[in-house]
Amino acid sequence: MATLNIPEIPKDYDAASIEERCRALWEETGIYKYDPNAPGEVFSVDTPPPYVSAAHLHVGHAMSYTQAEIVIRYQRMKGKKIYYPMGFDDNGLPTERFVEKTYNINKQKTTRAEFRALCLEETRKGAAQYEELWRSLGLSVDWNLRYSTIDDHCRRTAQRSFLDLYGKGRVYRSNEPVLWDVHFETALAQADLESMARKGKMHDIAFSAKADGSPLVISTTRPELIPACVALYHHPEDERYAHLKGTTAVVPLFEHEVPILTDEAVDPAFGTGLMMVCTFGDGEDVRKWKRDKLATRLVIGPDGKMLPSAGEFAGQTAEIARNNIVGALARAGHHLKSVSVEQNVSIAERSGVPVEFNMAPQWFIRVLDIKPQMLARSAELGWNPEWMKVRLDHWIEGLKYDWNISRQRFYGVPFPVWYCQACGEAILADEASLPVDPLEDPCRLSACPACGGTDLKGEPDVMDTWMTSSLTPLINANWAGTPGRKGDMSLHPMTVRVQAFEIIRTWLFYTLIKSDAHLETLPWKDVMISGWGLNEHGKKISKSDLEKYTDKDGYNRYEPFGVIKKFGADALRFWAAGSHLGQDMRFNEKDVKDGRKLAVKLWNAARFVLMQIEGFDPEAPRPSFADRMPEDRWLLTELNRILPGVEAGFEGYNYAVAREAIERFFWATFCDDYLEMVKHRFWKPELYSEEARVSARATLWEALRVILGLYAPFVPFTTEDLYQAIYRPVEGTPSLHITAWPTYEPTRTADVPEMQVVMAILRAVRQLRTEARLSQTRALEAVVLDLRTASDELKGVVHAMLPSIQAVARAGAVRFDEASYPADVAGLAVGIVAGELPEKVVQA
RNA sequence: GGGCGGAUAGCUCAGCGGGUAGAGCAGUACCCUUACAAGGUACGGGUCGCAGGUUCGAGCCCUGUUCCGCCUACCA
C-alpha cells in the first residue's frame with residue numbers, strides 16, 4: 001500500500017532559510033517567466049519604473065509594490081498568463097540632481113560626457129539595489145522583461161514617439177515664455193510644479209501718470225519685476241481709473257513708459273485696483289502679454305539673477321534685488337507701504353526653488369485642445385479605487401499650458417532633430433536610424449531642404465523624462481519594433497497600470513495621451529492606485545527618518561532590508577496588505593510582528609497536521625463529504641463559504657478584503673476551533689472509530705492545502721516552503737504559485753446545525769475553565785449538561801453529538817445534571833467537574 | 001477659494017444594500033497545555049470628530065461644521 005512518507009518539517013520557523021530556498025526554487029523553475037505561447041488569457045501589468053534618485057528605499061516603497069504583487073499572484077493562480085516586467089527610470093532631473101548632490105558638482109563644472117557617465121553609474125547602482133529589494137520581497141517579476149529608460153530600446157521608442165507625434169501635427173516648436181527652473185536652468189512642464197506657502201510682503205508702489213505726473217499706486221509682492229513692467233491694468237468698469245483710458249504711466253526708478261489697459265480679470269477690490277504686468281510674473285502676465293501684444297522686458301536670467309536690463313540691480317538674485325529695489329523706491333519716495341501676506345508660490349518639484357519664466361525655443365505636445373478627449377479616456381478607464389479618478393479629471397480641467405518636452409539638460413533621450421543654422425529649418429531623423437544622438441550622429445541630409453544651407457547642427461536639448469516613461473505600455477509591447485526585444489502589440493492595451501497616487505497627473509496622464517495619440521486606445525483596461533506607507537507620525541517617510549532612527553547596529557525601522565532580515569519578507573508583505581487600496585497606512589514596527597506571527601502559525605499548524613495524519617495515503621480514495629464527521633463537514637463548509645468573497649475581493653483589487661476573510665477562517669475557525677476539536681480523535685482513540693480518524697486525516701490534508709493556496713499571494717515564501725515539503729511530492733506541480741486557485745465546491749458545502757450546539761459547549765467550557773483557573777487542555781473528570789429546559793430537538797442533537805461534546809470539553813465523561821452556566825443555545829446550561837488535580841511537582 | 005480622502009477601543013485598522021460596534025497590537029487575570037510562550041483562554045476598554053435632519057431605528061443616508069493629509073487655484 002502506498003502511504004505518504006510523512007515529511008519532516010523543522011520545529012523552528014526560520015524565515016531566512018525559507019526565503020533562500022524559495023528564491024532558488026523560483027529561479028530554477030522559471031515559474032514567473034512570461035510565455036507568449038502558453039494557453040490562457042494574458043494579465044499584463046504596467047509597473048512603475050522607479051527613479052534611481054529615490055535610492056533612499058523605505059517600507060513605503062515595499063508597501064505599494066507588494067499590494068499590486070499580491071493581486072498578480074492571485075491572477076497567476078487563476079490561470080492567467082502573467083506579463084510582469086520591471087523597468088528602471090534613469091532619465092531626467094531626478095537622476096541629475098542625485099548625481100549633483102552625491103558628487104557635489106553642477107552642470108557648469110563638468111562636461112556633458114563626464115556627467116552622463118556618472119549618471120549611468122549611479123543608475124546602475126540604484127537599479128541593482130532596487131532589484132535586490134524586489135527579489136527579497138518576493139515580487140514575482142519576470143526579469144527577462146526588464147527595461148531601463150536610457151537603454152537603446154527605450155530611447156528608440158521615445159524618439160519614434162516624437163517622430164510620430166510630429167507627423168500627426170501633435171508636436172510643435174515655439175519660442176515663447178516657458179516655466180523655468182533657475183536652479184537646473186531648464187524649462188519645465190506644468191506637471192513639474194509644486195506650490196509652497198510662504199510669507200511675503202505686499203508693497204504699494206507709486207507709478208506716475210505720464211500726462212500730469214499724478215501718482216498711480218499699484219500693489220505687488222514682486223517689486224524686483226518693476227524694471228520688467230510692460231503695462232498697468234485695471235478693471236474696465238472701475239470708475240476710478242476710467243479717465244486713464246488710452247494714456248500711459250511712467251515706471252518709477254526705470255522711467256520707461258507703459259500703457260494703461262483694462263482686463264476683466266482684475267479685481268477692483270484688490271489693493272488699489274490697479275496692477276502691474278511684467279515679463280513675466282506669472283501665467284496671467286503671459287496671457288495678457290500674448291493677447292495684448294505687450295512689450296517684452298526680460299529682467300531675470302536663466303540662472304535666476306537679474307539681467308543688465310535691471311540696471312544697477314543686474315547680477316543680484318531676484319530675492320536680493322527685491323529688497324534693494326524696495327530700498328531704492330523708498331529713498332525716491334515711491335514706496336508707500338508694506339504689509340505681510342501669506343502667499344502660494346510655484347516651485348520646481350525637483351529643485352524646490354521658485355519658478356520663473358524664460359523665453360527660448362522649445363518643443364511642445366499639444367494637449368490643451370484634447371482636454372475633452374482625455375476626460376473621456378479617464379471615464380473609460382477602470383479606476384481602483386474609483387475615487388482616484390477625480391484627481392486626474394481636476395488636473396486635466398486645470399491645464400493651462402501645452403506639455404513642454406524640452407529640457408536644457410544633459411542626461412536624457414535626445415531629440416532626433418537637426419537644425420539648419422541658416423534658416424532654422426528642423427530636419428528629423430529617419431525612423432530606421434533610431435536611436436540617434438544628433439550631437440554625435442550626422443544628420444541624414446547634407447544640406448537643408450528649405451534653403452540649401454549645409455551648416456546643420458543637432459538639437460542640444462533632451463526630452464522630458466516623462467516623454468519616455470509615458471510610453472511604458474508601448475515599450476513593453478515593442479511598439480518601436482526593436483529587433484530581439486520581447487513583447488508584441490498584442491500586449492497593448494495592457495491589463496492594469498499599478499502606481500501610487502502622486503504621479504497621476506504625470507505618469508498616468510502622459511501615458512493616456514501617448515496611447516491616445518499613437519494608437520487611439522487606452523493604454524490599459526484598469527488602473528490600481530496605491531496609497532503611501534507613512535511614518536509613525538502619519539507623515540511621508542523621509543530621508544531624515546532613515547537617518548534618525550538608525551540604531552548602533554545599523555538597523556532602521558523604516559529600511560526594508562533590515563525589516564526583512566528581522567521579521568522575514570512574508571511579515572513585511574503581510575503588513576503591506578493591511579490597508580485598503582488607495583489608503584495611506586502608518587508604519588509601526590510592531591505591526592510587522594503580526595505578519596511574522598501568521599507565518600509562524602502557518603508553520604506550526606502544518607507541523608501539527610503532519611503529526612496527526614501519520615499513515616494517511618493521499619492517493620487512496622477518501623470518504624465522501626457526506627460520510628465525514630460533522631466537525632469535518634462543518635470545517636469544509638466554513639472554508640468553502642469564504643471563497644466567493646475572497647475571490648470577489650481579489651477581482652476588484654481589494655486584497656485587504658480577501659486577507660481579512662482568510663485570516664478569520666484560518667486563525668479562529670481552523671486553528672482555534674477545529675484543530676483543538678480534532679485532537680481528541682487522535683489522543684483518545686478508544687472513543688472513536690477508525691473511520692472518524694480517516695475522516696479527520698482527509699479533512700486536515702485537504703483543508704491545509706486550501707489554506708496554503710489562499711495565503712500564497714500574501715506570504716509566498718512560507719506557503720511555498722510548506723507546499724514543497726508536503727504537497728509537491730504528491731501533486732507534482734513544481735511551485736505552489738502556479739497551482740490552481742482554490743475553487744468553491746458547492747457539493748462540499750452544507751449546513752451542520754448540530755455544530756452550533758457543540759461550539760456553544762466549547763465556548764462555555766473555555767469560560768468555565770478560565771474562571772476555575774484550569775488549563776484549557778487539562779482533562780476534566782466530566783462535563784455537565786443541564787437539559788431540563790431543553791427541547792426534544794436539542795436533546796436529540798446532544799445525544800447524537802456526545803463524542804464531539806466530550807472532545808471539545810476534554811472530559812472523561814458527559815453527565816446530565818443541574819448546571820448553572822448558560823450556553824449560547826436556548827435550553828442548555830453547562831458545568832464542569834475538574835476531578836482530582838494531579839500532584840504538583842514542588843521545586844526545591 | 002474649490003475638490004478628494006481620513007476622523008471608530010491607548011495604537012494600527014475593519015465594519016457603510018441603516019437594526020444601538022469588531023480584529024490585531026497594547027493592558028489585566030489565569031494556563032509551563034503532547035502544533036505554536038513571537039503561544040492559549042478569558043476579561044476590561046468605544047456617547048463611532050461636532051451639530052442638526054430623515055427614519056420606528058444611523059459610524060453607516062442628508063445638511064452644516066471642526067481638525068488632519070493630499071490634490072488643485074492668477075487674488076497681483
Side-chain angles (χ1 to χ4, degrees), chain A residues 9 11-13 193-195 200 202-203 218-222 225 232-233 263 265-267 269-278 281-288 341 343-344 346 385 387-395 397-400 501-502 504-505 531-532 534 536 538-540 567 571 575 578-580 582-612 656-657 659-660 663-664 667-668 671-672 675-676 679 682-683 762-763 765-779 810 841:
Chain A
I9 292 183
K11 185 171 188 307
D12 292 325
Y13 173 83
L193 304 186
E194 275 180 357
S195 75
M202 179 81 77
H203 306 277
I218 59 105
S219 301
T220 182
T221 53
R222 302 204 56 190
L225 289 176
L232 297 186
Y233 276 80
D263 189 295
V266 179
D267 178 2
F270 186 91
T272 59
L274 198 60
M275 71 181 286
M276 72 165 180
V277 167
C278 307
D282 58 31
E284 272 301 289
D285 286 355
V286 174
R287 190 178 66 82
K288 295 189 183 79
V341 290
Q343 57 176 353
N344 286 323
S346 288
W387 50 265
M388 286 288 183
K389 175 176 180 290
V390 294
R391 298 198 180 202
L392 177 64
D393 294 351
H394 285 312
W395 175 254
E397 286 159 8
L399 277 172
K400 291 186 298 183
F501 59 83
E502 82 282 7
I504 288 175
R505 68 182 192 182
W532 273 356
L534 304 174
E536 294 167 345
K539 306 280 185 197
K540 186 175 176 175
F567 296 102
W575 165 78
S579 89
H580 282 222
Q583 228 63 63
D584 296 342
M585 181 169 51
R586 292 189 189 198
F587 178 84
N588 286 294
E589 196 188 29
K590 68 182 173 58
D591 293 333
V592 182
K593 285 185 189 165
D594 289 353
R596 170 75 179 195
K597 276 177 55 176
L598 169 72
V600 171
K601 191 79 173 176
L602 271 171
W603 191 258
N604 285 311
R607 283 179 54 230
F608 174 79
V609 168
L610 292 182
M611 287 175 195
Q612 306 311 330
V657 169
R659 194 191 91 161
E660 281 159 21
E663 192 75 345
R664 263 195 312 276
W667 213 280
C671 291
D672 293 348
L675 291 187
E676 293 305 323
K679 282 173 181 172
F682 299 103
W683 292 355
L762 172 61
R763 283 189 295 273
V765 171
R766 279 177 179 169
Q767 181 78 48
L768 291 165
R769 281 175 182 271
T770 299
E771 284 172 10
R773 303 192 165 182
L774 291 173
S775 132
Q776 292 295 330
T777 48
R778 179 180 173 276
R810 291 191 179 143
V841 178

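Quantities reported herein were computed from a predicted structural model and do not represent experimental measurements. Below, read A as the first sequence line, B as the second, and so on, with proteins coming before strands; counting in each chain starts at 1.
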Side chain of [X]: nearest nucleotide among [options]?
X	options	result
Thr770(A)	U41(B), C36(B), A14(B)	U41(B)
Lys601(A)	A35(B), A29(B), C25(B)	A35(B)
Asp267(A)	A76(B), U72(B), C11(B)	A76(B)
Arg773(A)	U72(B), U12(B), A29(B)	A29(B)
Phe501(A)	A35(B), C70(B), G24(B)	C70(B)
Asp591(A)	C25(B), U12(B), C68(B)	U12(B)
Phe270(A)	U12(B), A76(B), U33(B)	A76(B)
Lys597(A)	A35(B), U41(B), G39(B)	G39(B)
Glu284(A)	A35(B), C11(B), C74(B)	C74(B)
Gln767(A)	A76(B), C43(B), A29(B)	C43(B)

Fill in the dot-bracket string of RNA chain B, one character per base: . for unpaired, | for a pair to another strand, ( ) or [ ] for pairs within the strand, taking Watson-Crick or G-U pairs under 3.5 Å.
-> (((((((..((((........)))).(((((.......))))).....(((((.......))))))))))))....
What is the nucleic acid contact for [X], judged by heavy atoms within less than 4.0 Å: base, sugar-phosphate only, or nothing?
X	value
Val609(A)	nothing
Ser579(A)	nothing
Gly283(A)	nothing
Trp667(A)	sugar-phosphate
Trp532(A)	nothing
Arg505(A)	sugar-phosphate
Asp584(A)	sugar-phosphate
Lys540(A)	nothing
Asp594(A)	sugar-phosphate
Arg596(A)	base

Could you state the [atom1]-[atom2] distance from [X] to [N], rounded to the nearest angstrom?
X	N	atom1	atom2	answer
Trp395(A)	C70(B)	CH2	P	17 Å
Leu399(A)	C71(B)	CG	C1'	14 Å
Lys11(A)	A38(B)	NZ	C1'	12 Å
Glu536(A)	C13(B)	CD	P	12 Å
Glu502(A)	U72(B)	CD	C1'	16 Å
Lys593(A)	G39(B)	NZ	C1'	14 Å
Tyr13(A)	A37(B)	OH	C1'	18 Å
Gln776(A)	A29(B)	CD	P	18 Å

Would you check if Met275(A) and Phe270(A) make a side-chain contact, meaning some heavy-atom pair closer than 4.5 Å?
-> no
Less than 4.5 Å apart, any side-chain heavy atom of Trp667(A) and any of Leu598(A)?
-> yes
Would Lys601(A) and Cys671(A) satisfy side chain to side chain contact (heavy atoms under 4.5 Å, CB included), going step by step from the backbone distance to the final call?
-> CA-CA 9 Å; Lys601(A) 191 79 173 176; Cys671(A) 291; 3.8 Å; yes
Classify the glycosidic conformation of G24(B) as syn or anti, calling it syn when the angle lies within 90° of 0.
->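 For G24(B), whose glycosidic angle is more than 90° from 0, the conformation is anti.
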Evaluation steps, side chain to side chain contact (heavy atoms under 4.5 Å, CB included), between Arg810(A) and Lys679(A) | CA-CA 10 Å; Arg810(A) 291 191 179 143; Lys679(A) 282 173 181 172; 3.4 Å; yes
Taking the inter-plane angle between the rings of Phe501(A) and Trp532(A) on a 0 to 90° scale, is it parallel (under 30°), tilted (30 to 60°) or perpendicular (over 60°)?
-> tilted
Nearest-nucleotide check on RNA chain B, Cys671(A) vs Arg586(A); residue mapping nearer the 5' end is Arg586(A)
5' priority, RNA chain B, between Met275(A) and Val600(A) [closest heavy atom] | Val600(A)
OP1, OP2 of C74(B) versus side-chain N and O of Lys400(A): anything below 4.0 Å?
->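 Looking at the OP1 and OP2 atoms of C74(B), one of them is under 4.0 Å from a side-chain N or O of Lys400(A).
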C30(B) OP1/OP2 closer than 4.0 Å to side-chain N/O of Arg769(A) |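 So the side-chain polar atoms of Arg769(A) never come under 4.0 Å of the phosphate oxygens OP1 or OP2 of C30(B).
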Report the residues that fulfil salt bridge (Lys or Arg N to Asp or Glu O under 4.0 Å) with Glu284(A), sequence neighbours left out, ordered by chain and then residue number.
-> Arg287(A), Lys288(A)
Salt bridge (Lys or Arg N to Asp or Glu O under 4.0 Å) with Lys597(A): which residues, sequence neighbours excluded?
->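 If we apply the salt bridge (Lys or Arg N to Asp or Glu O under 4.0 Å) test to Lys597(A), skipping adjacent residues, there are no hits.
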Can you check side chain to side chain contact (heavy atoms under 4.5 Å, CB included) on Trp395(A) and Ile504(A), steps first, answer last?
-> CA-CA 9 Å; Trp395(A) 175 254; Ile504(A) 288 175; over 6 Å; no
Check the pair Gln776(A), Thr770(A) against side chain to side chain contact (heavy atoms under 4.5 Å, CB included), reporting the backbone distance first and the verdict last.
-> CA-CA 8 Å; Gln776(A) 292 295 330; Thr770(A) 299; 3.4 Å; yes
Can you give me the N/O atom pairs linking the protein to nucleotides 2-9 of chain B at distances under 3.5 Å, or say none if there are none?
residue : atom : partner   : partner atom : Å
G3(B)   : O2'  : His394(A) : NE2          : 2.7
G5(B)   : O2'  : Gln583(A) : NE2          : 2.7

For Ser195(A), all residues meeting side-chain contact (heavy atoms from CB on, under 4.5 Å), sequence neighbours excluded =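 side-chain contact (heavy atoms from CB on, under 4.5 Å) list for Ser195(A), sorted by chain: empty.
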side-chain contact (heavy atoms from CB on, under 4.5 Å) partners for Lys389(A), two or more places apart | Ser378(A), Ala379(A), Trp383(A), Asp393(A)
